[in-house]
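Below is one structure, written out as structure tokens, with a few remarks after it.
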Amino acid sequence: MSDPGTPSAPGRRTARGRRFAVNLTTVLAVVVPVLTAGAVLLVRTQDPATSRHDPVPAALTSSVLVCPTAQEGGRTVSVTTADKGASGEVSIGAGDSPDRLPVRAGRVTTYDSGPGAVFVRGSGDLAPGLVASRFATSPVSAGECATPVPDQWFTGVGAGAHHHSVLELTNPDKGRAIVDVTVFGRPGPIDAPRLRGLSVAGQETLRVDLAAAVPRRDELAIRVTSTRGRVGASVLDGFDELGSGSSATDQLLPQPAPSTSNVLLGLAGGAGRQTLVLANGGVDEARATVRVVTGDSVFAPQGFAEIRIAPESVTRVSVTRVLRDTTGALGLVVDATGPVTATLRSFVGGDLSHAVAGTPVSSPTTVVVPAGRKQLVLSGAQQLGVVSVVAKGPDGEKLAATRLELNPGRGATVTLPRRAVLVTVTPERTAVIGAVLVQGVGATVVPLRELVRSDLIPDIRPGTP
Amino acid sequence: MLLVSHDGARWLPSVIEGLRSQTAAPGCVVAVDTGSKDESATLLADAFGEVLVAPSSTTFPAAVRLGLDKLGDDPDCEWVWILHDDSNPEPGALAALLDAANADPGADVLGPKLREWPSLQRLLELGVTISRTGRRETGLERGEYDQGQHDEVRTVLAVNTAGMLVRRAVLEELGGFDSQLPIFGNDVDFGWRAAAAGHRTLIVPQAVVFHAEAAHRGIRRTALTGRHTHYQERRAALYTLLVNSSARSLPFQLVRLALGTLLRMVGFLLVRSVGEALDELAALVSVYSSPREIRAARRERRAARERGPTTTSNDDRARVKGLLAPPWLPYRHGLDFVGDLVAAVTDQAADVAERRRAAAAERDPSSFAARRPVVDDDDVPVADAGAVARFLTNPVAVLLALFVVAALVGARQAFGSVVGGGLSPVPGSTTDWWRLYLESWHPLGQGTGVPAPPYLLPLTLVASLLAGPGHALSAVLVLAVPVSLWGAFRFLRVVGRLVSFPGAPRWLLLWGAATYALVPVVAGAWGDGRLGPVVTGALLPWLAHAALGFADPHPDRRWRAAWRAGLLLALATAFAPVAWLFAFVLGLVVLVAAFSIVPGAMRDRSVWGPPAVAVGITPVLLAPWWIPAVIQHAAAGLLLDPGRLPAPGFDGLGLVAGRFADLGAPWWLGVAPAVLALLGLVPRATRIPVLVCWVVALVAAVLAALLGAVTLTLPATTAAPGLGFLLVVLQGALVVGAVVGGQGLFAVVQSRAGWLRAAAAGIAAVAVVVPLGGLGWFVVGGHGERLSDHTIDAIPAYMVQSSMLGDAHGILVVRGSVADGLTYTVRRGDGVTLGEDEILDLAAEDPDLTRAVRALTSRPTPEVVDSLAGLGIEYVVLPTPADGSVAASLDATGGLTQASAEDRSTRAWQIDRPVAVNAVDGPRSWLRIGLLLVQALGIIWVAVLCAPTTNRRRS
């Protein structure tokens, strides 16, 4: 009720005032939620960054090579370094008091040691590119001194009377090493509890006679894994032709891992028996095709059927006729649908030699070879490339140097001087697989290996608790 | 008759008048005046002739002695009647006393009934005794009217010296009053000695004396009382107890009195009487520091007892014990005090809305506030109904109780050990947490000076109360939802009343409180063990309720609200550091708005002062955390929420729906409060309060957007600032806006009908789904099993045992691979426990250790192993999956021996060298210790200031 004394039209004045105030509130009632929505849209919390940090390569500062027990007449260890210009002393020997041996690049230094396993340790400049070998001369047999690797495959070992192998495990470190040996045979994985958890004491050698541990007549493949510590593993393969009395031994070289493509180079010439042993490392059945490598081409021989290998099992195929029929065969290429390992065993003239699947080499590499008739066999190029080969004699003098082109799908051979003991192979523009076939009294194959020059320094940073 | 006077001119005329009109006239009168500055001496001289004048420092016992000496060997004076200058006897007093003395010849000391002067009706004392804690007990209520209820003659321990009638021989035998008690407490001591010596003290209610209690009330200040009468009285009581108790109970008394004094100090602090608290302490110190006097006094009393009459001492002791106050009396007083305090607290809850309305009504009687509206039927309590019946017939109360029970069922994972999500395991005992909080250098990682997180202090205090860190954590998690519900209900009720007089309907309050209480749960924070959002979610409604006190009309209550809000804000910031930032920004916004809307009111300091104090007190209370953190270059911790990293985050939709990313209840349950708050802007009557809620939400959203763009780089990882608190605040603001809007809608709907009612019913139906759905999801266990984590540690048990031998026995754990990068951590002691994650996340990288680990994993040599031992590492562990090349190179290193682990694929080595014992030691930081002291004092001071006002009158 309006008082008669109040000014006229009080309602309108208040109404106008109220409308003004109401308008501000209404405006705010629209603006504030819109601003809030806008701010909300901008809200985003960052997820914590989880990123990879790549390791940094750096030159090796120490390396050790494990030379297997000497075969008959082969105690000498030959050492060299592949790094140009590097020189110094390496420590060589077995046990607690090793000797110091001066080593120079481009020269081979020899050392007479005891019959047991020998460790060659290089440090500083001599660590990368350290190469050593231990040869037996008659029959010629190459003993490769390799760095300990945690996991490797030996294909074509035997554990019977006819074909027997001895596995040798050598521990270069002070601490105890534990090794697991997994055995594969024709029917599949073989249960060998005695070969699991083999313990090798520090700087000791353990010899495992497979014929005693897991006696079997079929071809076997073993996988040697060190779960603790490091061991250098080597297999001495022996072949007895019962009845006729000839027996031969040779070191069986390992293959790092099964692969779908294996190139086996180094065929000893002459009449004899050549056997190809394949092991399937996967859990699926693999089908393998075999092709022959010659200087002109790589071709599949006629009538050679596809080989089926059951999962985790070993198959043996005789390739004697195929190789006999082919002139100029340098080696075999085994392609498979699954990862397989392969070894070609040649029993020629009473002498045993193995050609194991090689690993591609893309950087300059050096091998030490025994004296005798020898030739370098190369193949496995992915594209057209050039390979330089330098051969040096015992005093370090250059005996021969060649450059040759290597085409993919072909093999190539280089005959090396008889006196050469040091062979340096430098591939350009492509990786090659190669081996040196030495034929003297008996034959042996010395494969080309990629030298380990650097190790990786991992990225270290503090982590969340 | 012996009259002692000091500055008693006010009362002396009446006293003299009273003495003159005694029916039984006293034989000889001796007046002693102890240096009065007024005309007391003249008055006494006029009335009684001779006056003994003594210096003003004469104590009461000395004055009595003087008087007795003056009486000399007068044989007439068998009885001595002692009077104070403020005690006026009734005409028949002396006669009644003498009659009683004749009737009972064995009585040696008689006292009258003391009534209050000037009211003349209230009883003061009818005999006095003392309790075992030194409190003077009269057995009467405060201000009890005399209606003849205590009118029988009884034996008591002691009577007041004002009006005491005592045989002269007994007085001489007992050596008068103890000179160690100058003015207070003589009566109880004398009575006790008399009773111990076999004399009897009677109270004669027929004799009445009116006593003004001038000295006790502080009306009369003498050189003896000083300003602290409380100190003197307490000291006298303690002294009396100590010298008169039996020798057997003396040690117990000493301890009990000390503890009792501490308790009384706390009680006085709680009612903010700091002076009296200090008086208590001073009295205790004064008595305990004069053992010689006490020993001398005890020897005197023992001698006096041996000289005394031939009653057996056992009888005497039993009689004295019977005359002392009953032993349960102190505890009754304690309970009364607590009851008073609780009543005061609940009284305070009569909220700010009522007070504002009352103040507004006072200012303008014709305004709306003064109108007395029709009382709602709901508010009238059902007469004669017991509490249980009232509870059961109140549907809202029943639903609240059911909600709490359901929340407890849903929180069942938290009963028992809680590990997982963001929560590391709790340490074994509370001392571990105390040590972690109080030390300034932590032997964690490689040793770090990063301060312990601030939330550790409240958790440790709770753990000290609940005897174990596990119980404390469980209690916090279990009680978070009920406490949040209670706080939200209180807060919403006050907000409702602030908006309109009848307040919001209780169903609406229930909905709002339930929806808010479930916010940390349905957001997924509870299930992931994120203490920040959970605890601040529970504290926020209490903080908001305290902050509402800033709108109170009384400045005193505004300041009280400031301290309360400040303490709660500090507690919330301890759990979610972003809370202070938010409070600061919001405070700025509110102040700017207030200055632009009502600039006049802002001129008063008590209007803008309390909010400023509330925000400003937090950095002081949390100083031992943020100052060392900044100094140690760990300032990133000032924005991180507690808990293990990585913390869950959210994006825009998650913020609106109140869900952390990949956690929480289905998101469509959570957008309802936002939609409802938007709709709440529609009713015009409540538009402004809802707008205020939206402004709070806007501040939270803007702050979230700004902080979300910040990435904190920590030594080991990157993290985002902890924004859980902002999510809780935003959801809370939306819920409050929805409730207030609902209140406005309810008011509109009540008057209209038709489609508006249907629409309101529809909205209500949709709204109800939110808390019900959330509660159902919680009870069913939709938040997962993360809190019952039972993962087995990768570290073998024997290594853990070895690391418990000392902090220098560390275990280096290296994870990752050479190809992807390796990360390392060092585990010390009992592993990472709750409270240590935050320290380790912020601890700087130790470059020595990084260098050593890099060398160890790539080219290990015996020198590297030596350096590791020097850094305090005893074992090196590579948990599954272990990188083979790293393991192989470690196998080859001299100085590392292989150690076994339960899991074959976990590789471990032991370092042969002995660890350096002081590898992780570090300097003590006096700054942090000083700041801890500041924090402790600050918390006590603010807590005292927060206490409610109790109106206690001194008895």
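Nothing here was measured: the structure is a model prediction, and the numbers come from that model.
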Could you tell me which portion of [X] (side chain, backbone, both or neither) has an atom closer than 4.5 angstrom to a non-hydrogen atom of chain A?
X: Leu723(B); answer: side chain
X: Ala887(B); answer: neither
X: Val818(B); answer: both
X: Ala709(B); answer: backbone

[atom1] of [X] to [atom2] of [Y]: how many Å apart, nearest 0.5 Å?
X: Thr36(A); Y: Trp694(B); atom1: OG1; atom2: CH2; answer: 5.5 Å
X: Thr893(B); Y: Lys174(A); atom1: OG1; atom2: NZ; answer: 10.5 Å
X: Leu714(B); Y: Thr464(A); atom1: CG; atom2: OG1; answer: 10.5 Å
X: Leu35(A); Y: Leu698(B); atom1: CG; atom2: CG; answer: 5.5 Å

Using every non-hydrogen atom in the two residues, find where [X] and [Y] come nearest and quote the distance to one decimal.
X: Val40(A); Y: Val656(B); value: CG1-CG2, 3.4 Å
X: Pro458(A); Y: Leu822(B); value: CG-CD1, 3.7 Å
X: Val43(A); Y: Leu655(B); value: CG2-CD2, 3.8 Å
X: Ala29(A); Y: Arg687(B); value: CB-CD, 4.1 Å
X: Arg907(B); Y: Thr227(A); value: NH1-O, 3.1 Å
X: Pro55(A); Y: Ala819(B); value: CD-O, 3.5 Å

Taking the side chain as every heavy atom from C-beta outward, state whether [X] and [Y] have any pair of such atoms under 4.5 Å apart.
X: His53(A); Y: Asp820(B); result: no
X: Arg228(A); Y: Gln898(B); result: yes
X: Glu845(B); Y: Arg461(A); result: no
X: Pro33(A); Y: Leu681(B); result: yes

Subject >> Partner residues of Arg859(B) under the salt bridge (Lys or Arg N to Asp or Glu O under 4.0 Å) criterion, sequence neighbours left out >> reply: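 Arg859(B): salt bridge (Lys or Arg N to Asp or Glu O under 4.0 Å) contacts with Asp455(A).
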
Original post:
Taking only residues two or more places apart in sequence, or in another chain, which ones meet Arg194(A) in a side-chain hydrogen bond (donor to acceptor under 3.5 Å, both in side chains)?
Top reply: none

**OP:** Sort out for me which of Leu896(B), Thr857(B), Val832(B) touches chain A most, counting heavy-atom pairs under 4.5 Å.
**Re:** Thr857(B)

**OP:** Go through Arg854(B), Arg827(B), Glu836(B) and name the one with the most non-hydrogen pairs under 4.5 angstrom from chain A.
**Re:** Arg854(B)

Subject >> Closest-packed option against chain B by number of heavy-atom pairs under 4.5 Å, given Val32(A), Asn171(A), Leu456(A), Leu42(A) >> reply: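 Top count of heavy-atom pairs under 4.5 Å with chain B: Val32(A).
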
**OP:** Would you check if the side chain of Asp459(A) reaches a backbone N or O of Gly821(B) as a donor-acceptor pair within less than 3.5 Å?
**Re:**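 Here the side-chain-to-backbone pair does not exist.
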
Original post:
Is the number of heavy atoms from other residues, nucleotides or ligands within 6.0 Å of CG (Asp830(B)) greater than 12?
Top reply: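 Yes, the 6.0 Å shell around CG holds more than 12 heavy atoms from other groups.
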
Original post:
Are more than 12 heavy atoms from other residues, nucleotides or ligands located less than 6.0 Å from atom CZ of Arg453(A)?
Top reply: yes

**OP:** With a 4.5 angstrom heavy-atom cut-off, could you sort out which part of Ala177(A) is near chain B: side chain, backbone, both or neither?
**Re:**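 No part of it gets close to chain B.
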
**OP:** Could you give me the CA-CA distance, side-chain angles and deciding distance for Thr25(A) and Leu691(B), then say whether side chain to side chain contact (heavy atoms under 4.5 Å, CB included) is met?
**Re:** CA-CA 8 Å; Thr25(A) 318; Leu691(B) 208 49; 3.9 Å; yes

